[in-house]
2 protein chains.
Amino acid sequence: MKGKATSFDIAYHAGVSQSTVSRALRNSPSVSLDTRRRIQAIAKQLNYKVDKNASSLRRQHATTLALLLFEDPTSDDSLINPFFLSMLGSITRTCARQGYDLLISFQQLSEDWHADYQDAHKADGLILLGYGDYLVSRDRLRKLEAQGTHFVRWGAVVEGQPGISVGCDNVQGGRLMTEHLLGLGRRRIAFIGNASAHCPEFLDRYLGHGAALRAAGLPVDPALHVDDATDSTEEVGYRALCDLRARGVAFDAVFAASDLLAIGAMRALDDAGVRVPAEVSVAGFDDIPMARFATPPLTTVVQNTKLAGELLVERLLKQIRGEPVESTMLPAELVIRRSCGARSAA
Amino acid sequence: MKGKATSFDIAYHAGVSQSTVSRALRNSPSVSLDTRRRIQAIAKQLNYKVDKNASSLRRQHATTLALLLFEDPTSDDSLINPFFLSMLGSITRTCARQGYDLLISFQQLSEDWHADYQDAHKADGLILLGYGDYLVSRDRLRKLEAQGTHFVRWGAVVEGQPGISVGCDNVQGGRLMTEHLLGLGRRRIAFIGNASAHCPEFLDRYLGHGAALRAAGLPVDPALHVDDATDSTEEVGYRALCDLRARGVAFDAVFAASDLLAIGAMRALDDAGVRVPAEVSVAGFDDIPMARFATPPLTTVVQNTKLAGELLVERLLKQIRGEPVESTMLPAELVIRRSCGARSAA
DNA sequence: CTGAAAGCGCTTACAG
DNA sequence: CTGAAAGCGCTTACAG
């Protein structure tokens with residue numbers, strides 16, 4: 001027994017042909033139960049595993065998915081948006097449950113991430129995660145689609161976008177949060193987050209925010225909008241809040257388009273001696289693990305990442321099988337913590 | 001052009017044999033530069049990628065590594081220790097830089113994780129991450145070693161352990177932190193974390209803690225040690241602190257063997273109306289991202305996860321190439337934040 | 001510097 | 001229910 005055992009070794013030990021071994025190991029009913037059992041026992045005993053490369057090559061199917069996490073070129077080398085991390089667990093486990101292996105790669109938005117994985121037959125399909133400029137990634141998505149690559153992405157469900165997405169109902173999330181803030185008696189709500197096609201998720205959250213405002217008969221004041229916050233980092237949130245104060249606009253609440261932005265904003269508020277939530281309410285979006293450990297604990301919008309991961313994998317697998325699939329929107333839900341304060345009156 | 005292009009297609013277009021195409025694409029100097037360039041250009045134009053399965057099968061080398069994150073069976077389905085997450089980025093990037101693909105899988109400690117990946121020729125080696133009972137995993141490690149599987153693990157560097165490890169200098173980290181606490185005037189330091197061979201990392205931290213105590217001429221009081229904290233979760237930290245208080249022992253500091261434990265302990269302290277750090281100092285270990293957002297921000301021990309990831313990959317690759325490798329210990333460093341308070345005197 | 005040929009370890013029609 | 005044979009798409013001695 002030098003090197004790994006092959007199906008020929010098993011065949012020899014079992015006294016059958018190699019083809020029968022192959023069938024038995026795939027549990028083909030055309031092999032008698034007895035033989036099947038016997039072969040499987042020998043395989044186990046010899047510690048035999050079907051060679052994945054040979055099998056994939058022959059079947060033209062890798063039984064592997066690739067998870068591509070793409071980040072802004074600007075972002076720090078070691079920084080991963082903690083939000084995606086929560087999804088990672090769910091995706092990994094769902095793949096395992098389905099018998100698929102998962103390749104993972106972190107890509108700069110600038111790189112040629114659309115290539116490789118499926119072309120080289122490494123994976124049967126791609127799962128795409130990552131913020132970053134949507135208008136940049138859209139072209140890549142189109143190319144992927146043109147090449148017939150199977151892929152699903154997490155993100156805003158946008159009309160006429162290439163491929164299919166699973167995303168949170170960002171409009172609803174934005175609306176719910178602003179309604180909550182209004183219910184708390186807040187009237188001048190600053191919004192931090194770029195609201196353009198570059199950041200469709202932030203845009204939707206802003207749209208929901210505006211809808212809630214208008215429904216309450218309140219104006220949408222552009223002076224309260226920090227529109228140049230495209231990246232989701234604490235630094236950007238910090239600066240956004242400083243800008244807001246530098247402009248001299250009055251506000252009694254801050255709704256940040258992500259938790260990281262909100263946490264940065266809270267720190268700026270603290271540095272400026274503004275009390276949260278006594279003077280200003282702060283709200284975020286995502287419910288990353290550290291949201292509950294912020295000071296004060298952050299009120300935010302949860303997205304069901306467990307379900308999201310499952311849907312992403314399931315949709316991709318369906319697509320690979322040639323079944324029809326559609327984009328899906330997951331409901332958003334508020335988590336009320338202390339950063340917005342309590343209702344002022346009954 | 002139906003289906004993906006193969007090397008035969010390229011050969012046809014270039015007017016050479018398929019073998020020459022294969023050589024040219026691997027950049028073999030035995031093919032004339034001209035021909036090489038021409039073939040590479042055609043390949044690019046046809047969007048050709050070498051089939052990884054065929055290549056791996058033929059070369060008997062997958063150019064793929066597998067990252068196995070193993071967790072306690074007890075831990076929540078979606079919970080991943082945030083500490084490992086920081087390492088993930090570094091590992092992924094290092095693999096990419098070396099031209100290796102990375103498979104990822106989360107395994108329950110109870111599963112047969114030692115099998116599969118290398119036997120099925122999916123990966124050339126394994127990277128093992130995860131706390132959990134070391135005495136349980138050790139047997140698996142031995143089996144891996146007996147099978148000739150290449151692997152490296154993150155964790156305590158233990159005398160006579162199977163395989164090689166990259167880990168933090170936990171003894172040093174424990175010593176530094178206790179010295180810091182002592183320097184702050186604390187004398188009754190509770191330690192949360194199981195100190196046995198089941199948790200060699202916690203054990204080393206405890207050993208360092210004890211060494212610092214003894215060096216200062218202070219006793220190591222077993223009453224101050226919560227020894228049944230084997231899992232690294234906030235809940236366990238919370239309970240540990242409650243136990244400590246229930247026992248009625250006095251303490252002016254808590255050194256938790258991990259940040260998650262420390263954060264749980266701080267919450268219990270807060271619930272009990274004990275002020276941190278005014279009445280009790282709290283320290284952790286790991287420096288997970290949320291440590292700085294805890295209330296108060298947590299003083300802890302940083303481990304260089306970027307370097308750790310790089311070393312893990314580098315060691316594994318060396319091992320695969322048959323070069324000699326050794327376990328390595330990374331230095332530990334304190335991050336002083338507010339949870340321990342300031343020096344009482346000058 | 002290039003080509004013809006063998007073979008990596010499987011899976012799967014095809015024939016019996 | 002089982003076996004002999006072809007072939008998945010490469011890489012690499014071997015020969016020229």
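So you know, we letter chains A, B, ... as the sequences are listed, proteins then strands, and number each from 1.
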Please test B/L46 against B/I10 for side chain to side chain contact (heavy atoms under 4.5 Å, CB included), starting from the C-alpha separation and ending with a verdict.
CA-CA 8 Å; B/L46 293 185; B/I10 313 289; 3.8 Å; yes

Counting runs of three or more consecutive pairs, Watson-Crick or G-U wobble, with each distance below 3.5 Å, where are the stems of DNA chain C?
C:1-3 with D:14-16, C:5-12 with D:5-12, C:14-16 with D:1-3

Would you find a donor on one side and an acceptor on the other, under 3.5 Å apart, between the side chain of A/S22 and the backbone of A/T20?
no

4.5 Å side-chain heavy-atom contact, A/L69 and A/F84:
yes

Can you list the residues that meet the salt bridge (charged side-chain N to carboxylate O under 4.0 Å, His left out) rule with B/D101, with sequence neighbours excluded?
A/K122, B/K52

Taking the C1' atom of each, how far is D/dT12 from D/dG16, in whole Å?
16 Å

Side chains of B/Y117 and B/T149: does their closest heavy-atom pair fall under 4.5 Å?
no

Shortest non-hydrogen separation from B/T63 to B/D124 and the atoms involved:
N-OD2, 2.7 Å

Could you tell me if the side chain of B/V16 sits less than 4.5 Å from the side chain of B/V21, heavy atoms only?
yes

For B/T35, answer base if it contacts any base atom (sugar-phosphate contacts may also be present), sugar-phosphate if it contacts only those atoms, and nothing otherwise; contact means non-hydrogen atoms under 4.0 Å.
sugar-phosphate

Are more than 12 heavy atoms, taken from residues, nucleotides or ligands other than A/E326, located less than 6.0 Å from that residue's CD atom?
no

Is the phosphate of D/dT2, meaning OP1 or OP2, less than 4.0 Å from a side-chain N or O of A/T20?
no

Treat primed atoms plus P, OP1 and OP2 as sugar-phosphate and everything else as base, then score nucleotides 5-11 of chain D 5' to 3': B for base contact with protein heavy atoms under 4.0 Å, S for sugar-phosphate contact only, - for none.
BBBBBBB

If you look at every strand shown and take non-hydrogen atoms under 4.0 Å, does B/S30 touch a base, only sugar-phosphate, or nothing?
base

